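This report refers to the structure that appears directly beneath it.
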Amino acid sequence: MDLLSIVVPCFNEEESIESFYGEVQTELENVNFEVIFINDGSEDNTLEIIKGLAQKHGNVKYISFSRNFGKESSIYAGLVNAKGDLVCVMDADLQHPPSLLPEMIEAITKENYDAAGARRVSRKGEPKIKSFFSKKYYSLFNRISKIEIVNGGTDYRMMTRPVVDSILQLTEYNRFSKGLFQWVGFETKWIDYENVERAAGETTWSFLGLIRYSTEGIVAFSTMPLTVSIVLGTIISIIAFIYMIFIILKYLLYSDPVQGFATIMCAILLLGGIQLLSIGTLGKYLEKTYFETKNRPIYIVKESNIDGD
Ligand code: UDP
Ligand code: MG
């Protein structure tokens, strides 16, 4: 290996950056590495601190966005600009322990894996309800999509150049990295670690944000929800047809058509609900298509110390 590029998305991480760089440097004493910080529209002093580091250390590179584009865009920008033959994506808040770096390098250089990923085995310090829902989400996702994402698998990943180049070929606007990493294939070694709490600052994830992120993931990698409408529609049509014959026979035999207010109300409300749900689902896919066809750039750079940017 000649060069290891470490890609670090940063959004309001002023308190973590220096200790992050320090820890990485300690772990990678004998390795030639560069760190690419992506300042994703931070509102604090993140950029100034990164620039300060860059002045002290020649291997510190940075890309600063014109506004907040989100972690997925930051990862993409980092991968585009990484020059290493090994590239590692990791969080700035030290929740991705730099102590795993040597093990990841070994998995790739000695054990011939194409990628090495960190997998959280415990969810210490996380609300029980959140762990429960993530577990359910992973099993649902894997059942309805063609790719398999690993429960606890994080975005903390080291990849060889061919893997990075494959991911860069996926230029979609809606980027669900966990899925993209799996979609390209290759052999990944999972390295287990205990959950670590944030070193400083705050997580940007709200409960609603997580729900949005998880639906995006499903919409990006599965069309099963669309099939659900077809299946439901078919079942309801069959039942309705049988019921229709029943009503006609009842009318012919007893000629008593006016009755069944409850039945009508139930049918209208239930079907109305299912229809709205189906239209909403359809709309979600249309929304994604709409944004893809706009072909907007995934990020916009305001300033950077990397050549050619
Ligand atoms: N991040 C980013 N852009 C955003 C939100 C987060 O670049 O809009 C970065 C953040 O600085 C951190 C990483 O993505 O390095 C993970 O974010 P966070 O710690 O908030 O997520 P969590 O660890 O709770 O999943
Ligand atoms: Mg974090």
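In this text the structure is predicted, and so the values were computed from the model without any measurement. First listed ligand is number 1; within each ligand, the first listed atom is number 1.
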Among protein heavy atoms, which sits nearest to [atom], and what does the distance come to when rounded to 0.1 Å?
| atom | value |
| --- | --- |
| atom 15 (O) of ligand 1 | Pro9 O, 2.8 Å |
| atom 17 (O) of ligand 1 | Arg198 NH2, 4.2 Å |
| atom 22 (P) of ligand 1 | Trp205 CD1, 3.6 Å |
| atom 24 (O) of ligand 1 | Thr203 OG1, 2.8 Å |
| atom 14 (O) of ligand 1 | Lys71 CD, 3.3 Å |
| atom 1 (N) of ligand 1 | Phe11 CB, 3.7 Å |
| atom 11 (O) of ligand 1 | Glu13 OE2, 2.6 Å |
| atom 5 (C) of ligand 1 | Thr204 OG1, 3.5 Å |

Point to revise | Heavy-atom nearest neighbour of atom 8 (O) of ligand 1 within options Asp91, Asn68, Leu210 | key: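 When every heavy atom of Asp91, Asn68, Leu210 is considered, Asn68 comes closest to atom 8 (O) of ligand 1.
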Check your understanding: Among Val87, Ile108, Asn112, which one satisfies side-chain contact (heavy atoms from CB on, under 4.5 Å) with Thr160?
Key ->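 For Thr160, the side-chain contact (heavy atoms from CB on, under 4.5 Å) check succeeds only for Ile108.
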Practice item. Among Glu34, Lys61, Met90, find the residue that satisfies the side-chain contact (heavy atoms from CB on, under 4.5 Å) test when tested with Ile6. Key: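 For Ile6, the side-chain contact (heavy atoms from CB on, under 4.5 Å) check succeeds only for Met90.
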Heavy-atom contacts with [X] under 4.0 Å: which atoms of ligand 1 show up? List them by number with element.
| X | result |
| --- | --- |
| Asp93 | 19 (O), 23 (O) |
| Asp40 | 2 (C), 3 (N), 4 (C), 7 (O), 8 (O) |
| Cys10 | 7 (O), 11 (O) |
| Gln95 | 19 (O), 22 (P), 23 (O) |
| Ser74 | 7 (O) |
| Gly70 | 3 (N), 8 (O) |

Exercise for review: Report, as yes or no, whether the 6.0 Å neighbourhood of atom NZ on Lys83 holds more than 12 heavy atoms from other residues, nucleotides or ligands.
Suggested key: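 Enclosed: over 12 neighbouring heavy atoms sit under 6.0 Å from NZ of Lys83.
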Exercise for review: Tell me, yes or no, whether the heavy-atom count around Glu292 atom CD, taken from other residues, nucleotides or ligands under 6.0 Å, exceeds 12.
Suggested key: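 Yes, the 6.0 Å shell around CD holds more than 12 heavy atoms from other groups.
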Review point. Would a 4.5 Å heavy-atom cut-off, applied to side chains only, mark Leu4 and Met158 as touching?
Key: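 Of all side-chain heavy-atom pairs linking Met158 with Leu4, at least one is under 4.5 Å.
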Point to revise | Side chains of Leu140 and Ile218 in contact at under 4.5 Å (non-hydrogen atoms) | key: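 The answer is yes; the side chains approach within 4.5 Å.
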Review point. Are Ile300 and Leu168 connected in the hydrophobic side-chain network, where two residues link if heavy atoms are under 4.5 Å apart?
Key: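 Yes, because Ile300 and Leu168 connect within a single hydrophobic cluster, where side-chain heavy atoms sit under 4.5 Å apart.
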Point to revise | Among the N, O or S atoms of Asp93, the one nearest the Mg ion (ligand 2) | key: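 Of all N, O or S atoms belonging to Asp93, OD2 is the one nearest the Mg ion (ligand 2).
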Check your understanding: Can a salt bridge be assigned to the pair Glu287 and Lys284 using a cut-off of 4.0 Å between side-chain N and carboxylate O?
Key ->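 Looking at Glu287 and Lys284, the cut-off is met.
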**Study point:** Aromatic ring proximity Tyr213/Phe176, centre distance under 6.0 Å
**Key:**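 Distance test on ring centres: under 6.0 Å, yes.
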**Study point:** Steps toward side chain to side chain contact (heavy atoms under 4.5 Å, CB included) verdict (Tyr285, Thr223)
**Key:** CA-CA 9 Å; Tyr285 284 89; Thr223 47; 4.2 Å; yes
